[in-house]
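Below is one structure; the comments refer to it alone.
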Amino acid sequence: MTTALIQTAEGAFAAHFSESGLAGLDFPTTEIVPRTVAPELSAQSSVWLRLTERALKQALEGKTPDELPPLDLSAGTEFQRRVWDALRKVPSGQTKSYAQVAQSIERPKAVRAVGQACGANPIPVLIPCHRVLAAGGKLGGFSSSLDWKRKLLTREGAIPTSD
DNA sequence: AGTTCGGACCGTT
DNA sequence: AACGGTCCGAACT
């Protein structure tokens, strides 16, 4: 699993690639990244990196990425992958509640579990866990800072009702 | 209107 | 067995 940094206007994201695709994406950290020699990226990984970089930048502008790298979600459980798939179907500018997501995957009562699965999302931004709000249009939670959730939503034109 | 409380519910560790 | 990025209704302020 190799890691590469992606510079954006918002800071440096870390992208993790496995043999089968993009497996993780981390929000910029304030920590100083140790200056190690970048391991060589396989030819394939560098292609994926370009795709990731492009997609990420588009997403940060609130646009829908025109192409994503292959995603490696094999680390997730069946339930989680189902949630993540459902998230990917929520278009930019729109939002769903945790309950709505639960219904869309045929588990209407697994509301809190959906919340958990969102928090376990290894590829935020590209898998839009931020588009899931609490009932009544309230912001709800976010593993990384809520500021990110707000920022992403406003960029997409989905105005989280106050708060 | 807004807030707080208490249960019910389900997947993960 | 305990914990969540929840939800809903009831009972408050």
Side-chain angles (χ1 to χ4, degrees), chain A residues 1-6 8-31 33 52-53 55-65 68-163:
Chain A
M1 191 117 104
T2 73
T3 299
L5 292 180
I6 299 179
T8 74
E10 319 294 331
F13 285 71
H16 310 288
F17 298 97
S18 72
E19 302 287 323
S20 31
L22 176 65
L25 187 63
D26 300 332
F27 283 100
T29 47
T30 52
E31 310 172 20
V33 184
T52 305
E53 189 169 359
L56 178 59
K57 284 176 178 167
Q58 295 176 121
L60 288 177
E61 292 169 10
K63 305 173 69 178
T64 303
L68 291 184
L71 306 182
D72 178 4
L73 301 176
S74 57
T77 65
E78 189 117 12
F79 176 82
Q80 291 172 329
R81 283 195 297 253
R82 232 152 129 194
V83 171
W84 299 337
D85 281 350
L87 294 188
R88 297 177 60 184
K89 290 178 187 144
V90 183
S92 173
Q94 285 189 212
T95 62
K96 270 191 174 183
S97 72
Y98 294 93
Q100 284 177 309
V101 174
Q103 295 198 337
S104 74
I105 59 170
E106 250 64 57
R107 278 222 191 18
K109 299 182 223 165
V111 184
R112 309 193 67 180
V114 165
Q116 263 188 175
C118 289
N121 171 21
I123 311 180
V125 186
L126 264 31
I127 295 179
C129 49
H130 58 276
R131 306 218 254 256
V132 187
L133 308 188
K138 285 180 317 238
L139 195 51
F142 204 62
S143 338
S144 340
S145 70
L146 280 173
D147 292 336
W148 269 110
K149 192 169 185 175
R150 259 189 290 267
K151 178 177 285 189
L152 292 169
L153 286 172
T154 39
R155 296 260 170 100
E156 297 175 358
I159 323 136
T161 60
S162 70
D163 286 280

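We use all heavy atoms of the structure for the numbers below, so side chains are in, but hydrogens, waters and symmetry mates are not. Predicted model, so just to flag it, every value in this text is computed and none were measured.
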In whole Å, what is the span from the CD atom of A/Gln116 to the C1' atom of C/dC7?
15 Å

Take atom NZ of A/Lys109 and atom C1' of C/dC8, then tell me their distance rounded to the nearest Å.
15 Å

Just to be sure I understand the rule, does [X] reach a base, reach only the sugar-phosphate, or reach nothing, if contact means heavy atoms closer than 4.0 Å?
X: A/Gly140; answer: nothing
X: A/Val132; answer: base
X: A/Ala113; answer: base
X: A/Phe142; answer: base

Under a cut-off of 3.5 Å for both distances of each Watson-Crick or G-U pair, what dot-bracket string does DNA chain B give, using [ ] for crossing pairs and | for inter-strand pairs?
||||||||.||||

Nucleotide N/O to protein N/O under 3.5 Å, stretch nucleotides 10-12 of chain C:
none

Beyond-backbone contact of [X] with [Y], side-chain heavy atoms, under 4.5 angstrom:
X: A/Tyr98; Y: A/Cys118; answer: yes
X: A/Leu152; Y: A/Thr154; answer: no
X: A/Phe142; Y: A/Asp147; answer: no
X: A/Leu133; Y: A/Leu139; answer: yes
X: A/Ile127; Y: A/Leu73; answer: yes

A/Arg131: partners by salt bridge (Lys or Arg N to Asp or Glu O under 4.0 Å), with sequence neighbours left out:
A/Glu156

Residues that A/Glu19 engages under salt bridge (Lys or Arg N to Asp or Glu O under 4.0 Å), provided they are two or more places apart
none

Between [X] and [Y] (side chain of the first, backbone of the second, donor and acceptor by atom type, cut-off under 3.5 Å), is there such a pair?
X: A/Gln94; Y: A/Pro91; value: no
X: A/Trp84; Y: A/Ala120; value: no
X: A/Lys151; Y: A/Leu60; value: no

Taking every non-hydrogen atom, the tightest pair across A/Ala86 and A/Ser104
CB-OG, 3.9 Å

Interface limits on DNA chain B, where chain A has a heavy atom under 4.0 Å of a nucleotide atom
B/dA8 to B/dT12

Hey, can you tell me if A/Phe13 and A/Trp148 have their rings parallel, tilted or perpendicular (30° and 60° cut-offs)?
perpendicular

Strictly below 4.0 Å, N to O, side chains only: are A/Lys57 and A/Glu53 in salt-bridge contact?
yes

Take atom C1' in B/dC9 and the same atom in C/dG4, then report the distance between them in whole Å.
12 Å

Out of C/dG5, C/dG4, C/dC7, minimum distance to the side chain of A/Val111 belongs to C/dC7

Under a 4.0 Å heavy-atom cut-off, which of residues 89-103 of chain A touch DNA chain C?
A/Ser97, A/Tyr98, A/Ala99

